[in-house]
Amino acid sequence: DRIKDNGSITIGHREASIPFSYLGANQEPVGFSLDLCEKIVAKIEADLGEEIDVNYVPVNSSNRIPLIQNGTVDIECGGTANNKTRQEQVSFSVATFVSQPAWLTMSASGLKEAADLKGQTVVATQGSNAVGFAQQMSTDGLDLNLVQAKDHAESFLMLTSGRAKAFLEDDILLAGLRAAASDPSTLAFLPDSYDKIYYGLMFAKDDAEFKALVDGVLSDMMASGEFTQAYEKWFMQPIPPKNQNLDFPMSEALKERVANPSDSVE
Amino acid sequence: MFDVLFQRGFDGRLYLEWLLSGLGWTLALAFIGWWIAFAIGVLVGVGRTSKSRVIAALSRLYVEIFRNIPVLVQMFLWYFVLPELLPTGLGTWVKQLPPPWGAFFPALLCLGTYTAARVAEQVRAGIEALPQGQEEAAAALGLSQLDTRRFVVVPQALRLIIPSLTSEVMGIYKNTSVALTIGLLELTAQARQISENTFQTFGAFASATIIYLLLALVAYRLMLWIDAKYHIPGTSPSKPARKPLFGLFGKRGAA
Amino acid sequence: MNQSNANTNVVEMIDVCKRYGTFEALKKVNLSVRKGERIIICGPSGSGKSTLIRCINRIEQHDAGSIVVEGQELTGAERDIAKVRREVGMVFQSFNLFPHLTILENCTLAPRRARGLSKAEAEDRAMHYLSKVRIPDQAKKYPGQLSGGQQQRVAIARALCMEPRVMLFDEPTSALDPEMVKEVLDTMIGLAEEGMTMLCVTHEMGFAKQVADRVVFMDGGQKIEEADPQTFFGAPENDRTRAFLQQVLH
Amino acid sequence: MNQSNANTNVVEMIDVCKRYGTFEALKKVNLSVRKGERIIICGPSGSGKSTLIRCINRIEQHDAGSIVVEGQELTGAERDIAKVRREVGMVFQSFNLFPHLTILENCTLAPRRARGLSKAEAEDRAMHYLSKVRIPDQAKKYPGQLSGGQQQRVAIARALCMEPRVMLFDEPTSALDPEMVKEVLDTMIGLAEEGMTMLCVTHEMGFAKQVADRVVFMDGGQKIEEADPQTFFGAPENDRTRAFLQQVLH
Amino acid sequence: MNGLDFSVVADALPYLWKGLQFSLTLTVVAFAAGLVLGVALALVQHLEVPVLSPLAKVYVAIMRSIPLIMVLFWFFFLVPLIIGAMMNSGRPVPIGGLWTAIITFSLFEAAYYSEIIRVGLRSVNKGQYEAAKALSLSTATTYRSIVLPQVFRITSPIILNQTIILFQDTSLVYVLSLTDLTGAASKIAQLNGTLVEMYLFIALVYLVICTSASQLVAVLRKRTRIATTR
Ligand SMILES: Nc1ncnc2c1ncn2[C@@H]1O[C@H](COP(=O)(O)OP(=O)(O)OP(=O)(O)O)[C@@H](O)[C@H]1O
Ligand SMILES: Nc1ncnc2c1ncn2[C@@H]1O[C@H](COP(=O)(O)OP(=O)(O)OP(=O)(O)O)[C@@H](O)[C@H]1O
Ligand SMILES: [Mg+2]
Ligand SMILES: [Mg+2]
């Protein structure tokens, strides 16, 4: 395929998707997903028997899918949720992470549960699937005033500056943002839990060969325990650039997927 | 290609309705923003040519600040920083305006004040392009400085710059798209949202683009009409001073 | 002609100097104009003619010396300057009509705003003076729709509408096509015959001979010669005057 | 004067018509100019004088009739037009010097580009003609730094640098201050005395009397009268001519 | 809000500097390419070249009517697809963000520059063209030696002003995930939550750069005014 022809692969990475894919101390892309991709690249090189060039292209939530579609990016190593609509446009690897959407609020606001949000202003990041999720909740009767910020940092700023009462995003991303805040204790999660979301690496649709390769590498890692090691490194230990520790143990759901790798979204 | 417009989004509305609501915000921003820009622009532009040093310097300061920072950055400052500078009560009230008003007003102020700086420069250029003799003649007739400006200088300067104001009108309506960065769902944002929901990028963007083109056409025709309406009888419409700097479709006067 | 009231000087300039940067445009010029006098000013380009008459209604400010117009010293407050300007009419080489106003509006603006006339009064007065310059029928048109000669006559009417005591003319005919010069000069001759005090910069020597009480010749910012027309054209004292007249009357 | 070679017509216009839209600027004009002749064209504004001479080097294209310049019919290919233009020099009312080039560059550009002269040759020639118009010392300056009279003399020199057979002048002095008119007219008289074929639109009647072989009077796009200067100024045949002369010679 | 921490700005300076360099590079490249193309577009219209002239007109009109963000989206998402389809390669042909930015900005600016040049061409006195004709200069020589030098002189302040706007507009490359000055600031901000400090700082940087540049424009304008008065 094209990677063979060009002798190069283009990896899409995020810039602030902690700890999956973000800019480290030297503004170089680092993260959990990038470690996984490294293995995939190694596998491709082994298969081809030659070195390939690796290009990194930064992507954001609103352009990652079009960029996969138009071929600018071969594989996105971020934290992208796998779902049915997206599957019509692109393909996903077996799940590499399982998260749940959650509400982050200011502790001082006194909100206790999602139902308290009725009629309130909430924020989600443009292009993330939390937008659709919030809209869904709204039509289901929660009646939210949804605003969309340009990126997670601005969404977070909307929350902390009081423009929005709550920020809806995947729990792991919120944990990252909260950990980076000057005083994490001022922020609190609402207890409500929602359907699980399966993350995967994302690449172009209808390339069975490539998908098989990616899934193969990931399954091998999961079987050998390498995957769990990588998880520990990024989720349980201090990570760059500020050496904070997310302290986010592997969920039961993910353990289950590690035991039985799958790209199912059910 | 455009069949996407007739599909329904999660909220049960046609995507066409999404686009039209985006168009509504775009138009509201552009239209109201323009009058803010025009009012401030004329005042500051006249201030720029004032004989009073203080007024001239203040006007200059305004222009330099507001036109030399990218709209994108100004948008951010209006949205996130301004409420923090206001007294706490007012700031909180601003921040808790229900959407989309919470984004609309900062965007409006941002575009209005930014465009005003550019209008002010045009007004100044128009005033400076007037023959020296006009002010002299007014002075020689014993008109006060204020009357000279009001009855002689500004009416002529404004007529002179209608073509370049056209470009500012176009500018403000195009800059409305920057408001999407603070979460206002105007036309471009809606197009993007549709494309994200349906992945029919081409159809969504093409529809929005066509709307923008039509809008530009309308804005341009409107300005031609205004130009014709305020055209001074007996002066040639293509005098070199009346630079059709940003004439859009074909030659001026072809309308 | 009007030598009787010799001490009612309408304009009195004493040692007037004017500098642009380091360039001296006027060097100690003295000139007094009595009521009803017609003064013609001529001289080569750049000699300071325009500067001289523009100082009289303070469109330019002089740097030294004194200028007294109608008993009012021209160094006073803004208000006083405005008062002087109301009494001094000025006609420019390039007409300087307000192109966005009709002829009538051109003529009524200043009387209404600076003299406080009502609209009706101002319009009556405007029509009176427009008839005087023989273009009352053009009142509703815009300046751009008139010929140069007509425009200059409107400019004269506009100045007259303020009913000034003195009229200043700065080369009123030199921007006109030759066949329009006469209509403007005729208008000015009419004014002169009615006894208007006039200072006029012009190269129209025929006109000068016909109407002038005195001719002033300027060169290099100085008044070189001042004489009645017969003496001036017949036997000019100064070499520079002679050289100039030779050029202009070629 | 130069009536001997009567059949070497440098310019021959037969029934030339020119329309702008529906407006007829020239109506069947006939004119022939012999080598060495000096023709003065006058007439009221808008009568078609400029149009007439601009047709001769095809800055305007005529619509009907024929114009033959130096034996070359002016309807031919672009190449031939360029050839004709090289032989016809033109001086405009508003000088039209190239403001971004020095005087010398103004004069050498066309000889180098259109005549293929080397830089040195072109500069020699330019200095020759600049001396002729008495401003060789200004060669390094830019047009904006010269007075109007000097600029017009440069324009004449620039045209002469192409060594044309005919010179066309379109009111060369009417944009000038009065005291500069003479220096330009003197230059033109010098040219005339050297036998240059000239067509000149001007209102300078003194000049016309002095140099013209023939005076042409135009009105409403037609040639109304054509006569030698004595007849023209002394006993004009046509009423319109008389009316015009009365205005101009007031 | 209280207690802004500008020390993060100091730490981020090298990265911000890289972003600024990108903004400047993009500006310079788009300026050069846009100007060349803009002159061509303007000449084509001025000379009323058949076929090309109306095409140029439509191109300019369209470019000037669409927001730059929209144009960037088009080029970024769709052009690879279109080129791919045109080349029958079956696959989209990727164009990197950098090239997208350069191409988009050049093409976009060309439309604006061409309008400026076109007006400049028209404001050159008719007498200049006539004098050139009367001296039998060819059309090419007339434009190269007479007209264009004057046009550049007249329009250089306006062109520079437009270029300042171009420099500000480079902040929109965030939609391409490129890292210009604004992008650099917002990325740093995302990592350590200092958006306000970062934005205030870059506002100041833009202000200083653009004000100095417009100062230069003012000087230029004064110069050209002197050069064109006689
Ligand atoms: N605003 C100005 N700044 C600098 N110099 C000026 C200014 N106005 C006039 N001058 C200079 O002052 C001198 C006198 O100018 P003035 O206009 O009075 O001459 P003039 O006799 O009216 O000439 P003309 O016949 O050309 O109108 C000229 O040399 C002119 O260059
Ligand atoms: N490009 C043009 N388009 C339309 N009408 C024109 C054009 N050029 C000249 N005319 C008209 O043709 C007529 C003759 O013009 P022309 O310039 O030849 O007159 P002229 O005798 O030279 O007048 P002047 O003494 O004012 O220079 C005028 O009525 C003028 O309005
Ligand atoms: Mg003067
Ligand atoms: Mg003419």
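A, B, ... follow the sequence lines: proteins, then strands. Residue 1 opens every chain. Just so it is clear, the values below take in all heavy atoms, side chains as well, and ignore hydrogens, waters and symmetry mates.
Residues G142(B) and A114(C) approach most closely at O-CB, 3.4 Å, considering heavy atoms. Contact record, P99(C) with Q156(B): CG-OE1, 3.2 Å, taken as the closest heavy-atom pair. Minimum interatomic distance between A140(B) and F92(C) (heavy atoms only, all atoms of both residues): CB-CZ, 4.1 Å.
Atoms CD1 and OG1, from I232(B) and T102(C) in turn, are 12.0 Å apart once rounded to the nearest 0.5 Å. Rounding to the nearest 0.5 angstrom, the gap separating the CZ atom in R115(C) from the CG atom in L141(B) is 10.5 Å. Here the straight-line distance linking atom CZ of R112(C) with atom CZ of F151(B) works out to 8.0 Å at 0.5 Å rounding. Rounding to the nearest 0.5 Å places CZ of F98(C) at 7.5 Å from OG1 of T148(B).
Listed options N57(C), V88(C), I59(C) were ranked by heavy-atom pairs under 4.5 angstrom with chain B; first place goes to I59(C). Interface check for chain B: of the options K141(C), R58(C), Q145(C), the most heavy-atom pairs under 4.5 Å are formed by Q145(C). In terms of heavy-atom pairs under 4.5 Å with chain B, the best-connected choice from M162(C), R158(C), K83(C) is R158(C). Of the listed residues (L97(C), L146(C), L101(C)), the one with the most heavy-atom contacts under 4.5 Å to chain B is L97(C).
Open room surrounds CZ on F31(B); 12 or fewer heavy atoms of other groups in view lie less than 6.0 Å from it.
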Between L143(B) and L109(C), is a side-chain contact (heavy atoms from CB on, under 4.5 Å) present by the stated rule, with each step listed?
-> CA-CA 9 Å; L143(B) 290 179; L109(C) 179 64; 3.7 Å; yes

Using the side-chain contact (heavy atoms from CB on, under 4.5 Å) rule, take E136(B) and R54(C) through it: C-alpha gap first, then chi angles, then the decisive distance, then the call.
-> CA-CA 10 Å; E136(B) 284 176 1; R54(C) 289 155 63 90; 2.5 Å; yes

Chi angles and distances behind the side-chain contact (heavy atoms from CB on, under 4.5 Å) call for R113(C), R150(B) = CA-CA 11 Å; R113(C) 305 294 312 178; R150(B) 201 170 128 202; 3.7 Å; yes

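Under the 3.5 Å distance criterion, the side-chain polar atoms of N96(C) are left unmatched by any main-chain donor or acceptor of A137(B).
When heavy atoms are compared at a cutoff of 4.5 Å, P131(B) does not approach chain C at all.
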